[in-house]
Participant: 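Have a look at this one before I ask anything.
Since this is a predicted model, take the numbers as computed values, not measurements.
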Amino acid sequence: MTAPLILQRVFDWKVRGIRWVEIIGVAMVGAMIFSVYVAKAGAARESARISDLERQIADNGQRVRLLRAEVARLEQPGRLEELSRGAGLAPVDVRRQASEAQLPELKPAPEPAPVIAVVTPPTPAAAAAPAPVAPQAAEDER
């Protein structure tokens with residue numbers, strides 16, 4: 001048999017009155033429709049995710065701008081000066097400088113050593129004495 005004759009037989013082969021080539025074609029069209037649907041659903045899901053991320057970025061940008069404005073307000077020199085005066089602070093005198101001989105006097109005092117508690121063992125008379133019975137234990141014995 002020759003190739004054109006085999007091809008002609010495949011195109012003419014029928015299953016219950018429908019050509020085999022038409023069945024394969026319909027199945028392929030169905031597979032393409034399904035794949036386009038799956039791709040479109042995936043693209044819509046990614047688009048929703050991207051728009052959510054863009055919204056979060058815009059919200060975070062707004063928060064950053066508000067925080068920068070708050071920092072600028074809190075760091076105003078006039079406000080800081082007023083707060084320091086209210087706390088009783090004053091600028092350091094420029095002439096107040098320590099010489100090399102004064103440095104040992106400026107050294108911070110050493111921290112005191114921690115106190116270690118000494119626990120004395122119980123005396124033999126206290127260990128031999130019977131333990132007092134709790135009221136609830138006395139009731140349970142009855």
Participant: M32 and V26: same hydrophobic cluster, using ILVMFWY side-chain contacts below 4.5 Å?
Facilitator: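 In one cluster: no.
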Participant: Please list, one pair per line, the donor and acceptor atoms closer than 3.5 Å that link side chains of residues 66-73 to other protein atoms, with sequence neighbours excluded.
Facilitator:
from	atom 1	to	atom 2	distance (Å)
E70	OE2	R73	NH2	2.9

Participant: Counting only heavy atoms from other residues, nucleotides and ligands, does the tally under 6.0 Å from CD of E82 exceed 12?
Facilitator: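 Counting neighbours around CD of E82, 12 or fewer heavy atoms of other residues, nucleotides or ligands fall under 6.0 Å, so no.
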Participant: Rounded at 0.5 Å granularity, tell me how far CZ in R65 sits from CG in N60.
Facilitator: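 Rounded to the nearest 0.5 Å, the CZ-CG separation comes to 10.5 Å.
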Participant: Could you tell me whether D59 and R63 have a side-chain N and a carboxylate O separated by less than 4.0 Å?
Facilitator: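 Not counted as a salt bridge, because no side-chain N and carboxylate O are separated by less than 4.0 Å.
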Participant: Locate the shortest heavy-atom distance separating L74 from R79; write the atom from each residue and the value.
Facilitator: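 Closest heavy-atom pair between L74 and R79: O-NH1, 3.0 Å.
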Participant: Distance-only criterion, 3.5 Å: show the donor-acceptor pairs between side-chain atoms of residues 36-43 and protein atoms not counting sequence neighbours.
Facilitator:
none

Participant: With side chains defined as the heavy atoms from C-beta onward, is the minimum distance between D52 and Q56 less than 4.5 Å?
Facilitator: yes
Participant: If I take atom CD1 from residue I33 and atom CE from residue M28, how far apart are they, to the nearest 0.5 angstrom?
Facilitator: 12.5 Å
Participant: Can you tell me how far apart CG (L89) and CD (E81) are? Round to the nearest 0.5 Å.
Facilitator: 11.5 Å
Participant: First locate atom CD of E46, then atom CD1 of I50, and finally report the distance between them rounded to the nearest 0.5 Å.
Facilitator: 6.0 Å
